[in-house]
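Remember, it's 1-based here, ligands and their atoms both numbered in the order they're listed.
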Amino acid sequence: MPDKKISPEDLAKAFEEFNKNSVELIDYFASLEKKVFDLTMELNKSKRLAAIGEMSTVLAHEIRNPLAGMRLSAEMLKKDLKGDKEHNFLISNILVAIHRLESIVTEILAFAQELNLNLGEVGLEELLRDAAMAVEYKRAQKHVDIYADLSVKYIRADAFHLHRVFVNLLENALDAVPENNGRIIIESQSVCGGGVQVKVADNGPGISDDIRQKILEPFFTTKERGVGLGLPICFRIVSAHGGKMDVRNHEEGGAEIVIWLP
Ligand SMILES: Nc1ncnc2c1ncn2[C@@H]1O[C@H](COP(=O)(O)OP(=O)(O)OP(=O)(O)O)[C@@H](O)[C@H]1O
Ligand SMILES: [Mg+2]
C-alpha cells in the first residue's frame, strides 16, 4: 500500500480544527461546571430552607401552649386590676406583645401546614370587606384610603385561604404607604383567556429590584418587626389555586401585586 503523505497544509488545517474543537470543549466544560455549581447552590438553599421550615414548625408548636397560658394569666390579672391605671397599662403592653407572638406563630404554622382547598363561589366584595376589617386598626391609625373597583364580583376559590392572601397584601400596602395620604386601590377584572385578575396597588415607595428578587424567600423581611412570611404564604395559596402572582411596581410609583386565578 502506498504511503499517503500528509501535506503541511493538511496538517495545519487539522491542527486548527483540533484547536477549535478544544476551545469549544473547554467552553462546554466551563458551562457544565457553572451549571453544577448553580444547581448545588440551589440544592443547598432549598435544603437550608426546608430545615428552617421544619425547625420553625416545631418551635411554633412548642411556643403556642405556653403563650396561651401567658395570655390567660395576663387577662385574669387585668380583670383583677380594674382601677389601677399604671398596672393596667403594663398588662396591656404584655397582652399586645403576646398577641404579636401569637400571630407570628400562626403565620409560621400557616406556612408549614398542608393546603387543602375548599373551593366554592366567593363574593369578592364581602371577602375584601372582611380583609379590610382585619386591618382596620392599622388603616385608621395611618388615615389611609382604601378603594375598590371590582368589575368581577364572584370567583371560584377557597374563601378562608384567600382572606389570608388579601389581609397579608393589605398589611404590606398599609406598612408601605405614607401616613395621612396613603392610598390603596384594589381592582378585579376578567382576563381574555379566562380567569380573573385581582390587583392590589399602593402609593408607597414601590419595591426595588434587589428586594423583589428575595421577596418570596421565607423569612425575608426589611421590617423591624416583620416575619417575612406574608408574601410566601400568599404565593403558596395562589399557586395551590392554580393561579399566578406577580410583584411589580406601578408606572406611577408604588407597588402593585397582581394575582391571576383560573
Ligand atoms: N406593598 C409593598 N411595598 C413595598 N415593599 C413591600 C410591599 N410588600 C412587601 N414589601 C417588601 O417585601 C418584604 C417581604 O414581605 P412579606 O409580606 O413577605 O414579609 P413582611 O411584611 O416583612 O413580614 P410579615 O411576615 O409580617 O408579613 C417586606 O419586608 C417589604 O420589604
Ligand atoms: Mg407582610
Close N or O approach (G226, ligand 1; < 3.5 Å): no

Sub-3.5 Å N/O-N/O distance, D175 and ligand 1: no

What part of [X], side chain from CB on, backbone N/CA/C/O, both or neither, has a heavy atom under 4.0 Å from ligand 1?
X: E107; value: side chain
X: D202; value: side chain
X: T221; value: both

Any G206 heavy atom less than 4.0 Å from ligand 1: yes

Residue-ligand contact G204/ligand 1, heavy atom below 4.0 Å: no

CG on L162 to CG on L261, rounded to 0.5 Å: 6.0 Å

Separation of H163 NE2 from N168 CG (nearest 0.5 Å): 9.5 Å

Presence of N, O or S from T221 under 2.8 Å of the Mg ion (ligand 2): no

Where is the nearest protein heavy atom to [atom]: which residue, which atom, and how far?
atom: atom 26 (O) of ligand 1; value: V227 N, 3.6 Å
atom: atom 3 (N) of ligand 1; value: A176 CB, 3.4 Å
atom: atom 16 (P) of ligand 1; value: L231 N, 3.6 Å
atom: atom 9 (C) of ligand 1; value: N172 ND2, 3.6 Å
atom: atom 14 (C) of ligand 1; value: F220 O, 3.6 Å
atom: atom 29 (O) of ligand 1; value: T222 N, 2.9 Å
atom: atom 13 (C) of ligand 1; value: I215 CG1, 4.1 Å

For A255, the ligand 1 atoms whose distance to one of its heavy atoms is below 4.0 Å: 1 (N), 2 (C), 3 (N)

P232: numbered ligand 1 atoms lying under 4.0 Å from its heavy atoms: 18 (O)

Hydrophobic cluster identity match, L115 and F235, side-chain contacts under 4.5 Å: yes

Other residues, nucleotides, ligands: >12 heavy atoms within 6.0 Å of K138 NZ: yes

Over 12 non-hydrogen atoms of neighbours within 6.0 angstrom of CZ in F220: yes

Option whose closest heavy atom lies nearest to atom 23 (O) of ligand 1, chosen from G228, S208, G230: G228

Heavy-atom side-chain contact between I186 and Y147 under 4.5 Å: no

Flag side-chain contact, heavy atom, 4.5 Å: L229 against F219: yes

Sidechain-backbone polar pair: H241 side chain, D158 backbone, donor-acceptor under 3.5 Å: yes

Residue of the set V258, L128, N172, L169 for which side-chain contact (heavy atoms from CB on, under 4.5 Å) holds with V200: L169

Step-by-step salt bridge (Lys or Arg N to Asp or Glu O under 4.0 Å) determination, E136 to R139: CA-CA 5 Å; E136 175 54 21; R139 188 206 66 77; 2.9 Å; yes

Heavy-atom pair with the smallest gap, counting every atom of V152 and L124: O-CD1, 3.4 Å

